[in-house]
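Lettering of chains follows the sequences in order, A, B, ..., and the numbering in each one begins at 1. It should be emphasised that the depicted structure is a prediction, and the values quoted were computed from it without experimental measurement.
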Amino acid sequence: MTGRAPVLSVRGLSVRFLMPGGRRVAAVTDAHFDVAPGECLALVGESGCGKSVLASALLGLLPGNARTAGEALLGPLDLLAADERTLARTVRGRLVGLVPQSPAAHLTPVRTIRSQLAETLAALTPVRGRSALRAATRAAAERAAFPADHLDRHPHQLSGGLAQRAATALALAGDAPLLLADEPTTGLDRDLVDRTVDELRRHVDADEGRALLMITHDLAAAERIADRVAVMYAGRIVELADATAFFGTPGPRHPYSRGLLQALPDRAFTPIPGLPPELGDLPAGCAFAARCARADDACAELPPAGPVLCHHPHTAVPEAADRA
Amino acid sequence: MLDLRAVTAGYPGHPPVFRDVSLTVAPGESAGLLGPSGCGKSTLARVAALLHRPDAGTLHLDGERIRHWRHRAPRAQRTAFGVVFQQPRLSADPRLTLADLVAEPLRATGDREHLGERVAALAARVGLTGDLLSRRPHEVSDGQLQRACLARALVLRPRWLVCDEMTAMLDASTTAALVGVVEEYRAETGAGLLAVGHDRVLLDRWCDRTVEWSSLITPAAQAPAR
Ligand code: SF4
């Protein structure tokens, strides 16, 4: 770690949805993590685990029935406490650049990429005047490797890869210190996944003050660019680990993370038995207990907070059984 | 045998998506068809499953020449296929409970005997537990809905399975679970499989052989660039 102040510091973040009939859905519970300048943190987990809700909380985009607790500090600003005016004027685009899940849905269909980019630059930067904006637009496109001769096209005239670059150019336009990529590779071919995440990584490396939080269910994409990995299960971050150790040796320490990795087709290709619990009806102890081969009586209690949320984590050194 | 010969297919008002493509899958064999999105491989899979009428070329299903597609195909031919698509939300009727969704093909064929048993057995097989069967699509996750769609594809005990990007939206564990269900069914029944996808690692692990879409297309036969 660099020792510099983190770009984003999340402390005890929880999100509850209040449902009709007084039901409460615990979408995110007590999340703690930092993202340092120059770092890429991948938040991984299956659909419904709470990772997208966490992203929405950081952008102030939660629905009205959501209640949050904890802090998400971006510099001196607490994103959870900020009002809509602050979020709209200073956070989205300026402090947090969003790389969306579906660029096609994020781009305005009836306008050219050039006009959308110019408008975003005019809104987020001090650049003024036609010719200055034209030059800035070209520079912004170039930064995201979007070809200048495609600027006058409409979104539907772009391939999936170019639409993703256009969306990335918009996300980078305001020079935000935090890039938040929400499932940026869903539905893309493997080659395009690689290119998309490599470009995201490049934007972190190109500006050492910038950080990237990538939310994904794609472990291969996470392995490719992440420095650290946070694994989310049933609303909690169950493991926070260095990516090299996580994907290599000794491997994940939490039984869920280990199961997820072993399910990959280039590993054991065996699923974790069972299904995740409902977020509206979580068990009292460890939420993974019903599916866990290591579960015992201790697991009826919630494991103590730490980098691995488990009573019986795998050890940090390779185990004989795993090498067999 | 699933035998596609010199197939050309497309959509009205557009140039063909591909021309002159041939592909054969032997009985009981699993073939992976690998290609980037938008290349036409899904259209070929739909032709093979009798869901899309080609403009030219022939399809033989277990020796029989196919003459009609979609609702015009004879029932016995249509029900020889179980098909699973990429996006369960687009292929599942939002008004049905998952139990009704799974049972739908059985009802449609008038085969109501043992309906409850069949649905329960399949639900257990695809891992749909507890009260999930009584819920509607918006009350379950993508992974849970895709489990139901796979159960539906198996409910008439098809001889052929066509899985078009079945796991593209799913996490690693759900992917491994659904592929496991398909393979267990095939081991039991000897059904053949055409699995369409863009993930080489997955198709290589899953299938007996992986065919690259680009190898099926001769440059001259490629649809003209727009
Ligand atoms: S706390 Fe217990 S049940 Fe939970 S993951 Fe660890 S060993 Fe398994």
(message) For A:Ala263, is there any backbone N or O sitting under 3.5 Å from a side-chain donor or acceptor partner on B:Ser173?
(response) no
(message) What part of A:Leu219 gets within 4.5 angstrom of chain B, counting heavy atoms only: side chain, backbone, both, or neither?
(response) side chain
(message) For the CZ atom on B:Arg89, are there more than 12 heavy atoms of other groups (residues, nucleotides or ligands in this structure) within a distance under 6.0 Å?
(response) yes
(message) Taking the side chain as everything from C-beta on, heavy atoms only, tell me whether B:His198 gets closer than 4.5 Å to A:Val193.
(response) no
(message) To the closest 0.5 Å, what do you measure between OG1 (B:Thr175) and CZ (A:Phe269)?
(response) 7.5 Å
(message) What part of B:Gln144 gets within 4.5 angstrom of chain A, counting heavy atoms only: side chain, backbone, both, or neither?
(response) side chain
(request) Specify the closest pair of heavy atoms between A:Pro271 and B:Ala176, including all atoms of both residues, with the distance to one decimal. (result) N-CB, 3.7 Å
(request) For each of A:Glu278, A:Gln262, A:Arg267, tally heavy-atom pairs with chain B at distances under 4.5 Å, and name the one with the top tally. (result) A:Glu278
(message) Tell me if a side-chain donor or acceptor on B:Arg205 pairs with a main-chain N or O of A:Leu264 at a distance below 3.5 Å.
(response) no
(message) Pair B:Thr174, A:Leu275 - check side-chain contact (heavy atoms from CB on, under 4.5 Å), show working.
(response) CA-CA 9 Å; B:Thr174 310; A:Leu275 298 176; over 6 Å; no
(request) Would you indicate whether B:Arg209, at its atom CZ, is surrounded by more than 12 heavy atoms from other residues, nucleotides or ligands within a distance under 6.0 Å? (result) yes
(message) How long is the straight-line distance from CG of B:Leu170 back to OG of A:Ser47, given to the nearest 0.5 Å?
(response) 7.5 Å
(message) Please classify the contact of B:Arg200 with chain A as side chain, backbone, both or neither, using a heavy-atom distance under 4.5 Å.
(response) neither
(request) Measure distances from A:Ala220 to the heavy atoms of chain B and classify the residue's part below 4.5 Å as side chain, backbone, both or neither. (result) neither
